[in-house]
Amino acid sequence: MLRLCRPIKTNGQQLRALFSKIKQVSRWFLGVELAERYTKTVKASSNSIAPRRIVLTGFMGSGKTTLGPLLAARLGWSFIDVDDVIEAEAGVTIAELFARHGEAAFRERERATIARLAAGDSLVLALGGGAVEHEETRALLLTAPGTLLVHLEVKLSTTLKRCQGSEHSRPILADQANLESRYQRRLPLYRMAHVSIAVDAFTPDEAVDAILCAIG
Ligand code: S3P
């Protein structure tokens with residue numbers, strides 16, 4: 001299998017150069033364009049210092065909650081799922097929070113919870129799919145030194161396939177009429193992340209490898 005990783009410390013700029021070299025070599029010698037699944041967008045790496053926390057974002061079903069603990073185990077870090085903390089502190093499920101107080105109240109609770117948790121070190125943090133819609137949350141996660149925001153990109157069809165049957169616990173998924181427009185609205189916001197990886201075709205372990213590869 002083609003490996004894009006070298007076991008060296010790299011910053012975002014070096015990684016971009018490395019990926020473009022590999023693509024060029026593949027085009028010249030193999031006569032093929034590297035498949036999209038092997039390419040990653042690496043825009044910046046948390047002010048070029050080694051990340052102390054990795055924050056996973058992406059639409060529902062992108063694997064944030066599944067990959068987070070695997071990634072944390074590989075790094076010897078802790079894992080926290082923001083939605084779990086919100087539910088534990090509220091004493092009710094997210095679906096109940098939406099039903100009782102509405103989406104706006106949930107978003108404010110989500111913003112405050114992330115602001116508190118995102119100060120931790122040696123931490124993998126999984127966000128809920130809508131967290132990056134909040135401008136303050138985006139600004140915090142994109143600029144805080146040592147924070148690397150990683151977008152796990154999936155097609156809407158992947159979300160629908162993976163999340164089928166979980167509408168009762170995911171109010172945003174249940175809101176079918178607005179799902180496609182939400183997905184389209186969020187996509188450019190997710191893509192502002194330091195690293196964006198298309199994970200539709202990856203197994204959880206492959207996705208973790210790709211994240212580790214991207215951080216060098
Ligand atoms: C939401 C996604 C959910 C959860 C809440 C809202 C969203 O998290 O935070 O139901 O707005 O996309 P997952 O992305 O983990 O399903």
Side-chain angles (χ1 to χ4, degrees), residues 53-72 78-118 120 123-142 148-193 195-200 202-204 207-208 211:
R53 65 196 73 84
I54 296 176
V55 181
L56 301 178
T57 187
F59 208 55
M60 294 170 285
S62 57
K64 306 173 297 279
T65 306
T66 305
L67 307 186
L70 300 177
L71 178 62
S78 314
F79 170 73
I80 298 178
D81 186 301
V82 172
D83 283 345
D84 286 350
V85 174
I86 291 174
E87 289 190 332
E89 290 179 351
V92 294
T93 65
I94 285 173
E96 282 162 344
L97 276 177
F98 267 73
R100 286 188 201 172
H101 308 291
E103 183 175 349
F106 170 78
R107 294 298 170 205
E108 175 46 30
R109 189 185 273 269
E110 184 177 45
R111 182 207 59 75
T113 308
I114 293 167
R116 178 161 45 88
L117 296 175
L123 175 69
V124 175
L125 192 64
L127 305 183
V132 294
E133 286 211 62
H134 204 295
E135 200 179 338
E136 257 179 59
T137 299
R138 277 200 314 278
L140 171 75
L141 300 176
L142 287 170
L148 188 80
L149 184 60
V150 175
H151 167 212
L152 304 173
E153 182 160 334
V154 282
K155 298 188 178 101
L156 183 54
S157 57
T158 301
T159 291
L160 294 174
K161 200 164 55 195
R162 291 184 183 173
C163 297
Q164 196 180 19
S166 66
E167 290 80 0
H168 60 287
S169 61
R170 286 187 163 110
I172 298 299
L173 184 66
D175 181 14
Q176 300 262 323
N178 295 307
L179 195 61
E180 164 95 42
S181 60
R182 261 190 220 264
Y183 175 87
Q184 296 302 343
R185 186 175 74 221
R186 288 180 185 175
L187 201 51
L189 304 179
Y190 293 136
R191 287 178 174 169
M192 291 168 83
V195 178
S196 213
I197 303 173
V199 292
D200 302 87
F202 283 166
T203 64
V208 170
I211 297 169

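Every number for a ligand or one of its atoms is a count from 1 in the order of the listing.
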Pick out the protein N or O atoms lying less than 3.5 Å from any N or O of ligand 1, and list each pair with its distance.
unit_1: ligand 1; atom_1: 8 (O); unit_2: D83; atom_2: OD2; d: 2.9
unit_1: ligand 1; atom_1: 9 (O); unit_2: D83; atom_2: OD1; d: 3.0
unit_1: ligand 1; atom_1: 9 (O); unit_2: D83; atom_2: OD2; d: 2.9
unit_1: ligand 1; atom_1: 11 (O); unit_2: R107; atom_2: NH2; d: 2.6
unit_1: ligand 1; atom_1: 11 (O); unit_2: G130; atom_2: N; d: 3.4
unit_1: ligand 1; atom_1: 11 (O); unit_2: R186; atom_2: NH2; d: 2.8
unit_1: ligand 1; atom_1: 12 (O); unit_2: G130; atom_2: N; d: 3.4
unit_1: ligand 1; atom_1: 12 (O); unit_2: R186; atom_2: NH1; d: 2.7
unit_1: ligand 1; atom_1: 14 (O); unit_2: K64; atom_2: NZ; d: 2.8
unit_1: ligand 1; atom_1: 14 (O); unit_2: G129; atom_2: N; d: 2.9
unit_1: ligand 1; atom_1: 16 (O); unit_2: R170; atom_2: NE; d: 2.7
unit_1: ligand 1; atom_1: 16 (O); unit_2: R170; atom_2: NH2; d: 3.3

(request) Mind running salt bridge (Lys or Arg N to Asp or Glu O under 4.0 Å) on E133 and R107 for me, showing each step along the way? (result) CA-CA 9 Å; E133 286 211 62; R107 294 298 170 205; 5.3 Å; no
(request) Could you check T137, V195, V55 and say which one makes a side chain to side chain contact (heavy atoms under 4.5 Å, CB included) with L149? (result) V55
(message) Would E180 and R185 count as a salt bridge (Lys or Arg N to Asp or Glu O under 4.0 Å) here? Give the steps.
(response) CA-CA 9 Å; E180 164 95 42; R185 186 175 74 221; over 6 Å; no
(message) Can a side-chain donor-acceptor contact be found between R162 and T158 if the only test is distance below 3.5 angstrom?
(response) no
(request) Would you name the heavy atoms of L67 and A207 that are closest together and state the gap between them? (result) CD1-CB, 3.4 Å
(message) Could you work out, with salt bridge (charged side-chain N to carboxylate O under 4.0 Å, His left out) as the rule, every residue matching R109, not counting sequence neighbours?
(response) none
